[in-house]
Amino acid sequence: MICPFPRPPARAPDPTARPTYTSTFVAARTVADVMSSPVLTATSSATLADAASRMNEGRVGSVVVVDGGRPIGILTERDLVRFAAAGHDPTATKVSEWMTEAPHTVSPDASLTEAWDTLAEKGYRHIPVVADGQLVGIVSLRDLVRIAQLLPVDDGRAGTLEAPRGLEGVIVAETEVGDVRGQEGFYHYRQYNAVELADKRSLEDVWRLLFDGELPTGAAERDAFMDEVRPLRIVPDAVRPLLPQIAAAGRAQDRGLLDGLRTAVSAVAQSQAFQPSLDVDAATLRDNALRVCAVTPTLIAALFRLSQGLDPIEPHPDLGYAANYLYMISGDVPEPERARGVEQYQITTIDHGFNASTFTARVITSTGADVGAAVVGAIGALSGPLHGGAPSRALDMLDAIGTPDNAEPWIRHAVETGGRIMGFGHRVYKTDDPRSVFMRTVAERLGGDKVAFAKQVERTVVEVLADLKPGRHLYANVEFYAGVVMYRCGLPRQMFTPTFASSRVIGWCANILEQSADNRIIRPSARYVGPPPPQPVPTVAVPSS
Ligand code: ACO
């Protein structure tokens, strides 16, 4: 039994309210959501030279002075500037002489508005976060600005708001599909813990939850959903003859399968005469979305087999999503534990907040375009190595490292020469990615030659990144163990990102349905930074004679 966690109370929209992005966003969160932890600390007897060098190394603007875990003072960059101006010797001066004693603190449960007000009122830049008298974190003005994200810009364009690069932290819509809580390492589909769903439910159950808002309550509802999906898995007649050509075009390149999927989905949408989302009712849009999701695994498997010179295999009427997917690839009914491994990976990756491909799907839907157009665009966004293209690269990295001894120098060299370690880091998670933690348990359950080595490499990467990129909070993301799991389940590397697409398509479509149900075209602005154009010359309309 999966227990839903309580939903926040629904807010009644006020039709007359103008959006006040900063205040509504800040009010919705607590200090625990944004604070940094662990905190850089010092004792009051440490020297200022020592404290300053540690602040520099940790790239932080303050150090909290503690006595047995209890904050008794704070030393900030500002104190160091004042000290430098006084011209004393930092190696002979104690922290206690320049720190601010008994600093203001906040509790982790305090609202961000409260933290914001304290910083603004007192002119502080950092406040220690204290629970039961013990230091548990620190929240800075920068954390709050990052979380508020939308700042008024005084550039003469009244009402303009500026968002940070990469739209980090910006809330652009309200959704009931799911959410990611980066500081807690938690994500959910509707009101259910996503990892628990992956542990206990079938993919079809979760699919129904995302499309229709509820898990099936029993066999009858489950069967009804399967009956609806089963015929839609078959590739439409008009598309079948195109697949060999699409597969042949992709054979020449590495990423051929995903590119082929993009073309094939486009052909399915066209063959079924999908109409613009603006022009169809909710039931028709749901039908279109269901068809795209159902046929996607069939298209991927068919393109793969054709690229290997093999004939496509029809869907197996008695197998579920993952088992049928593996069956259509190999022609054999898969062993249950392998099918379950792939299914758990697929459930884990169905949806994940406003990631790049989901956002792309929503932007395209916001124009009123059809479901096919939105999914094709989303596949394009997913194909990038910074998003969906990482799992095969993560496995390539394990191969390149080769032996445990080589891990540390290999990773250090890669990062020092500006490389990115594939399968690590995440925009939202600043702690363990729960998908990665879960995939690691799936990998352990499945066993195999790569698991122990992958765990060693994971530990080394986290240590090296903490050393070379301090304060960035870089941990394994879903892609790292995904490659290990898919490899163990017999999927070839060129299938990794398409397999990601085979489940994320369900999340895209749930978002497409939601966007369409309450739509306003997504049309932001950019700041022009090129050479200045000539001043506009007022024109006077000349009446034609
Ligand atoms: N390896 C080395 N350094 C990294 C990594 C990494 N994997 N990830 C982030 N960093 C560093 C950056 O170099 C940067 O350092 P700097 O401050 O010295 O410039 C800092 O951490 C912040 O990096 P950003 O690019 O600003 O982080 P962002 O949130 O924009 O990017 C991303 C997130 C794209 C996932 C990034 O961590 C990355 O490139 N990871 C590797 C690719 C990957 O695994 N992608 C799959 C993501 S999961 C998914 O999409 C399903």
Side-chain angles (χ1 to χ4, degrees), residues 36 57-60 142 146-147 149 163-170 178 180 182-183 185 187 194 198 258 345-361 378-398 400-401 407-408 410-439 454 457-458 460-486 496-505 507-508:
S36 302
E57 269 167 33
R59 292 171 134 207
V60 293
R142 193 192 287 180
R146 183 169 46 77
I147 205 84
Q149 297 301 351
R165 257 162 74 82
L167 296 182
E168 180 175 353
V170 175
V180 181
Q183 303 288 338
Y187 75 119
L258 206 62
Y345 166 69
Q346 289 176 315
I347 297 173
T348 308
T349 49
I350 282 184
D351 188 58
H352 205 240
F354 263 47
N355 59 84
S357 55
T358 300
F359 185 46
T360 303
I379 295 171
L382 187 76
S383 68
L386 297 186
H387 186 10
S392 59
R393 292 177 185 232
L395 210 56
D396 293 346
M397 176 181 78
L398 288 181
I401 292 172
E408 211 264 342
W410 193 99
I411 294 154
R412 198 167 276 281
H413 177 260
V415 179
E416 280 172 349
T417 51
R420 292 208 166 206
I421 307 299
M422 288 295 149
F424 287 81
H426 196 270
R427 169 60 66 81
V428 182
Y429 291 124
K430 299 304 169 200
T431 180
D432 283 326
D433 179 337
R435 303 169 302 172
S436 152
V437 175
F438 182 61
M439 277 298 106
V457 170
E458 182 197 7
T460 309
V461 174
V462 171
E463 278 165 23
V464 172
L465 287 175
D467 183 28
L468 298 180
K469 299 275 175 184
R472 310 314 195 281
H473 307 289
L474 302 168
Y475 302 96
N477 61 48
V478 65
E479 304 284 36
F480 184 63
Y481 284 102
V484 179
V485 167
M486 286 192 268
F496 288 2
T497 305
T499 304
F500 187 176
S502 78
S503 52
R504 185 53 64 85
V505 66
W508 294 331

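Counting starts at 1 for both ligands and their atoms, following the listed order. Everything numeric here is computed off the predicted structure, so don't read it as measured data.
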| remark: What one should report as the nearest heavy-atom pair of Leu167 and Phe359 is CD1-CE2, 4.0 Å

| request: Would you confirm whether any non-hydrogen atom of the protein falls under 4.0 Å from atom 42 (C) of ligand 1? | output: yes

| query | Closest heavy-atom contact between Phe500 and Glu479? | reply | CE1-OE2, 3.5 Å

| request: Number the atoms of ligand 1 from 1 as they appear, then name those within less than 4.0 Å of a heavy atom of Gly423, with their elements. | output: 43 (C), 44 (O)

| note | min-distance protein heavy atom vs atom 40 (N) of ligand 1 -> Phe424 O, 2.9 Å

| message | Could you identify the single nearest non-hydrogen protein atom to atom 1 (N) of ligand 1 and state the distance to 0.1 Å? | response | Ile421 N, 2.9 Å

| field | Proximity of Asn355 to ligand 1 by residue part, where a heavy atom lies under 4.0 Å | value | neither

| Short side-chain to backbone donor-acceptor contact, Arg472 and Pro470, under 3.5 Å | yes

| task | State, to 0.1 Å, how close Ala378 and Thr360 come at their nearest heavy-atom pair, and which atoms those are. | result | N-CG2, 4.0 Å

| task | Using distance alone, decide if ligand 1 has a nitrogen or oxygen within less than 3.5 Å of any nitrogen or oxygen in Val478. | result | no

| task | Quick one: sort the Phe480 and Phe424 rings into parallel, tilted or perpendicular, breaks at 30° and 60°. | result | tilted

| request: For Arg504 and Thr358, run side-chain contact (heavy atoms from CB on, under 4.5 Å): C-alpha distance rounded to whole Å, both residues' side-chain angles, the deciding distance at 0.1 Å, then the answer. | output: CA-CA 9 Å; Arg504 185 53 64 85; Thr358 300; 4.3 Å; yes

| Who's the nearest protein heavy-atom neighbour of atom 45 (N) of ligand 1, and how far? | Leu386 O, 3.1 Å

| query | Atoms of ligand 1 less than 4.0 Å from Met422 heavy atoms? | reply | 42 (C), 44 (O)

| Non-hydrogen atoms of Ser503 and Gln346 that approach each other most closely | CB-O, 3.1 Å

| field | Protein contact of atom 15 (O) of ligand 1 - nearest heavy atom, named by residue and atom, plus distance | value | Lys469 NZ, 3.3 Å

| said: Looking at every heavy atom in both Trp508 and Ala361, which two are closest together, and how far apart are they? | reply: CB-CB, 4.3 Å

| What are the atoms of ligand 1, with element, lying closer than 4.0 Å to any heavy atom of Phe500? | 51 (C)

| query | Looking only at heavy atoms, is any part of Arg427 under 4.0 Å from ligand 1, and if so is it the side chain, the backbone, or both, or is it neither? | reply | both

| field | Expected output: side-chain Tyr429 to main-chain Pro434 donor-acceptor under 3.5 Å | value | no

| message | So for ligand 1, is Leu474 a polar contact partner (N or O within less than 3.5 Å, distance only)? | response | no

| said: Give me the residue, atom name and distance of the protein heavy atom closest to atom 26 (O) of ligand 1. | reply: Arg420 NH2, 4.9 Å

| field | Nearest heavy atoms of Leu382 and Leu258, plus distance in Å | value | C-CD2, 4.4 Å

| task | Decide side-chain contact (heavy atoms from CB on, under 4.5 Å) for Leu395 and Met486; before the verdict, give the C-alpha distance in whole Å, the side-chain angles of both, and the deciding distance to 0.1 Å. | result | CA-CA 10 Å; Leu395 210 56; Met486 286 192 268; over 6 Å; no

| Which is closest to atom 16 (P) of ligand 1 by heavy-atom distance: Arg472, Arg393, Lys430? | Arg472

| task | May I ask you to identify the nearest protein heavy atom to atom 35 (C) of ligand 1, giving residue, atom name and distance to one decimal place in Å? | result | Gly425 O, 3.7 Å

| remark: for atom 2 (C) of ligand 1, nearest protein heavy atom and its distance come out as Leu465 CD2, 3.6 Å

| For ligand 1, which atoms sit closer than 4.0 Å to a heavy atom of His387? | 46 (C), 49 (C), 50 (O), 51 (C)

